[in-house]
Amino acid sequence: MPRNSWDRFNWSDVTPKAAFMNRRQIMASGLAAAGMSALAGPGGAQGVKKGSPYSTVAEPNTFEEITSYNNFYEFGWDKGDPKAHAGQLTTDPWSVEIDGLVDRPGSYPLEELLSHVTLEERIYRFRCVEAWSMVIPWVGFPLSQLLAYVGVQSSAKYVAFETLVRPEEMPGQRGRASIDWPYREGLRMDEAMNPLTIMATGLYGEDMPKQNGAPIRLIVPWKYGFKSAKSIVKISLTDKQPLNTWQQLQPSEYGFYANVNPTVDHPRWSQATERVIGAGLFGGRQETLMFNGYGEQVAALYSGMDLSKYY
Ligand SMILES: Nc1nc2c(c(=O)[nH]1)N[C@H]1C(S)=C(S)[C@@H](COP(=O)(O)O)O[C@H]1N2
Ligand SMILES: [Mo]
């Protein structure tokens, strides 16, 4: 059995399903009707393709674990803050501005973008730079499909992403200065085009929970979690490497590439192992894998780089 089954007893077999069923019952009762939006359209939850060759066979974390232990600093600094405060976020209507080196720049309603892509399930390992990890059954589509729809110009070398700025609904954006909002991230074009790179609109077959970055976020499974920007409102194609939030905040600790690498420690902690969320009282650390286990798909992108260094 995969992923630390020795200290998960039989919980792993029942809990994800149980959590999912609870949520379905809530949906059926109509309480969460306001949360139904993007996935109700073409390629809705019903039509999500499963069994992707890119999905891991590892046991997914429970819905509860995935939605109650989060980093989303727009809603506060504690792991429980996103769940406690993201409920007030309005995600419908939602549009994504796409600009820069593209043939068809513009402000795209989310429904329009989703009508030109194919949603599928991708069960990915997720490794935060803070040395914890989960396995998450995302619903999403390859970023390459979206880029094909808007038409990327040959001079484009990077893709930059920006998260929503809305202090009225995001308490972490009010008060004392911290991050220079919006939260920003970026990828090199070949990373953006890699089939593992997805825009996720849900998890466990449901619309994306707000604390996980509703209604649409980036997922780059071979990179530390901070690359996977949430609640994206802007995508820019550029010929210059964009500055990302964590590199801007602390360049001695966080880089642009941020590929998962167990041989290069963070200045303040080891990256050799990771704490498996939900692995129980008795610990549950596992070895961190180079490129988070996705080396077969992505190592060639970095063939010229010295993997004993941090980028
Ligand atoms: N907009 C935004 N995106 C973000 C963050 C954030 O604070 N704001 N945190 C990042 C970090 S550090 C991690 S580990 C992941 C957490 O995603 P999850 O809560 O869905 O597990 O989101 C990333 N994306
Ligand atoms: Mo993170």
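Remember, it's 1-based here, ligands and their atoms both numbered in the order they're listed. Worth knowing before you read on, the calculation uses all heavy atoms, side chains too, and leaves out hydrogens, waters and symmetry mates. No experiment lies behind these values; they were computed from the predicted model shown.
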Ignoring hydrogens and angles, tell me if any N or O in the side chain of Glu274 forms a donor-acceptor pair with the backbone of Gln271 under 3.5 Å. no
Does any N or O in the side chain of Lys227 come within less than 3.5 Å of the main-chain N or O of Gly186, such that one atom is a donor and the other an acceptor? yes
Ignoring hydrogens and angles, state whether a donor on the side chain of Ser133 or Arg275 is under 3.5 Å from an acceptor on the partner side chain. no
[atom]: which protein heavy atom is closest, and how many Å away?
| atom | result |
| --- | --- |
| atom 6 (C) of ligand 1 | Tyr183 CE1, 3.5 Å |
| atom 20 (O) of ligand 1 | Arg217 NH1, 2.6 Å |
| atom 8 (N) of ligand 1 | Glu74 OE1, 2.8 Å |
| atom 9 (N) of ligand 1 | Asn71 O, 3.3 Å |
| atom 15 (C) of ligand 1 | Phe126 CZ, 3.5 Å |
| atom 7 (O) of ligand 1 | Tyr73 N, 2.8 Å |

In this structure, which one of Asn259, Asn194, Asn292 forms a side chain to side chain donor-acceptor pair (under 3.5 Å) with Trp222? Asn259
Pull out every atom of ligand 1 sitting under 4.0 Å from any heavy atom of Thr163, numbered as shown with elements. 1 (N)
Sub-4.0 Å atoms of ligand 1 with respect to non-hydrogen atoms of Ala229: 3 (N), 24 (N)
Between [X] and ligand 1, is there a nitrogen or oxygen pair with a distance under 3.5 Å?
| X | result |
| --- | --- |
| Ser228 | yes |
| Lys230 | yes |
| Asn70 | yes |

Out of Leu147, Val159, Leu146, which one pairs with Ile98 under the side chain to side chain contact (heavy atoms under 4.5 Å, CB included) rule? Leu146
Close approach, Met134 and ligand 1, non-hydrogen under 4.0 angstrom: no
Assess Gly213 for proximity to ligand 1: is some non-hydrogen atom of it under 4.0 Å away? no
Does Phe75 have Lys210 sitting over its ring (NZ/CZ under 6.0 Å from centre, angle to axis within 45°)? no
Under 6.0 Å from the CD atom of Glu296, do we count more than 12 heavy atoms belonging to anything else shown? no
For the pair Tyr257 and Tyr311, name the ring-plane relationship: parallel under 30°, tilted 30 to 60°, perpendicular over 60°. perpendicular
